[in-house]
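The figures here come from the full heavy-atom set of this structure, side chains too, leaving out hydrogens, waters and symmetry mates. Start at 1 and go down the list; that is how both ligands and their atoms are numbered.
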Amino acid sequence: MSDSLPLPNGHWPALDPGWVWLCGAGPGDPGLLTLHAVNALRQADVVIYDALVQEDILSWAPQAEHVYAGKRGGKPSAKQRDISLTLVDYARKGKRVLRLKGGDPFVFGRGGEEAQTLVQHGVPIRIIPGISAGIGGLAYAGIPVTHRDVNQSVTFVTGHDQSGNTPSSLNWKAISEGSQVLVIYMGMKHAAQITRSLLEAGRTPDEPCAVVCSATTGDQQVLETTLSQMATDIDASGLEPPAILCVGRSVLMRQVLDWQGMMQGEAPRDVDPLGRGRPAEAS
Ligand code: SAH
């Protein structure tokens, strides 16, 4: 066990041999790990991690074997079963198994499938939620996922399904009409198709949008654009996944809440992004 990461006093659960803990690692910044995740990292014999887990986080489990089980976005998920069965194998060998996944394990992360396989094989599990990129990643870009003057609902959407295509099960018209703010995961590859569907369904071309790449990491980049320009701007920018696409007026809040920019010395912009008055003035 590593002593380098003290946990506050308290009763932290033991990761017992033969158990698998499915744990979210957050969007990237190690500071966004939960204390349960740190507790798990300290005890694991083996950490089975996916492509979006930052290497620094693995160094918090120096005693453990580190096993990469990443999958590239959009590829058929033939390997998913192998990953789940690998977890079963390690558990049956009596290992303390930590399955570490980017963001939250149950948000577009196939955590539910892995957990189901484990349960079906009689392997005891614990689920440790994490901060999902669609919430925490936007916060690091200065975009509140809800804001009283903008939205009373938010819709999380995946930009591609198991076959790698834009999910055919999605009713873009209903989403377009019913979602004040959309947060799209895995949307880079099909950005043109997604934006076209939304425009055809009646969203306005100049609706504010943001593309937040490698959110919360040292490589974070944010592109501010509009719905009609988003796909073109993504192509022109050369930005790479992972990225969260956000469609909606909450993106405007970044004009005053880009705290990362301010930390780097940018002056706060003296604007009223929503035209509703400043909070102290508004009711
Ligand atoms: N379980 C994860 C999502 C896994 S799906 C979560 O809760 O965040 C993978 C997608 O998540 C990526 O294609 C991207 O859309 C998004 N994503 C994950 N980490 C990200 C990051 N640091 N920055 C931007 N997008 C990220």
| E113 and R81: CA distance, side-chain angles, deciding distance, salt bridge (charged side-chain N to carboxylate O under 4.0 Å, His left out) verdict | CA-CA 9 Å; E113 292 164 51; R81 195 170 160 69; over 6 Å; no

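- Residues of the protein with a heavy atom under 4.0 Å from ligand 1 are P27, L52, G102, G103, D104, V107, F108, S132, A133, Y185, M186, V212, S214, A215, P242, A243, I244, listed by chain and number.
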Worked check of side-chain contact (heavy atoms from CB on, under 4.5 Å) between R99 and Y90: CA-CA 11 Å; R99 173 64 171 129; Y90 275 108; over 6 Å; no

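- To the nearest 0.5 Å, atom OG1 of residue T225 and atom CD of residue E207 are 11.5 Å apart.
- Among residues two or more places apart in sequence or in another chain, the salt bridge (Lys or Arg N to Asp or Glu O under 4.0 Å) test is passed with K173 by E177.
- Clustering of Ile, Leu, Val, Met, Phe, Trp and Tyr by side-chain heavy atoms under 4.5 Å joins L239 with V157, L170, W172, I175, L182, I184, M188, I194, L198, L199, V211, L223, L227, M230, I234, L245, V247.
- The side chain to side chain donor-acceptor pair (under 3.5 Å) analysis of residues 178-187, with sequence neighbours excluded, yields the pairs S132-Y185, Q152-Q180, S153-Q180, T155-S179.
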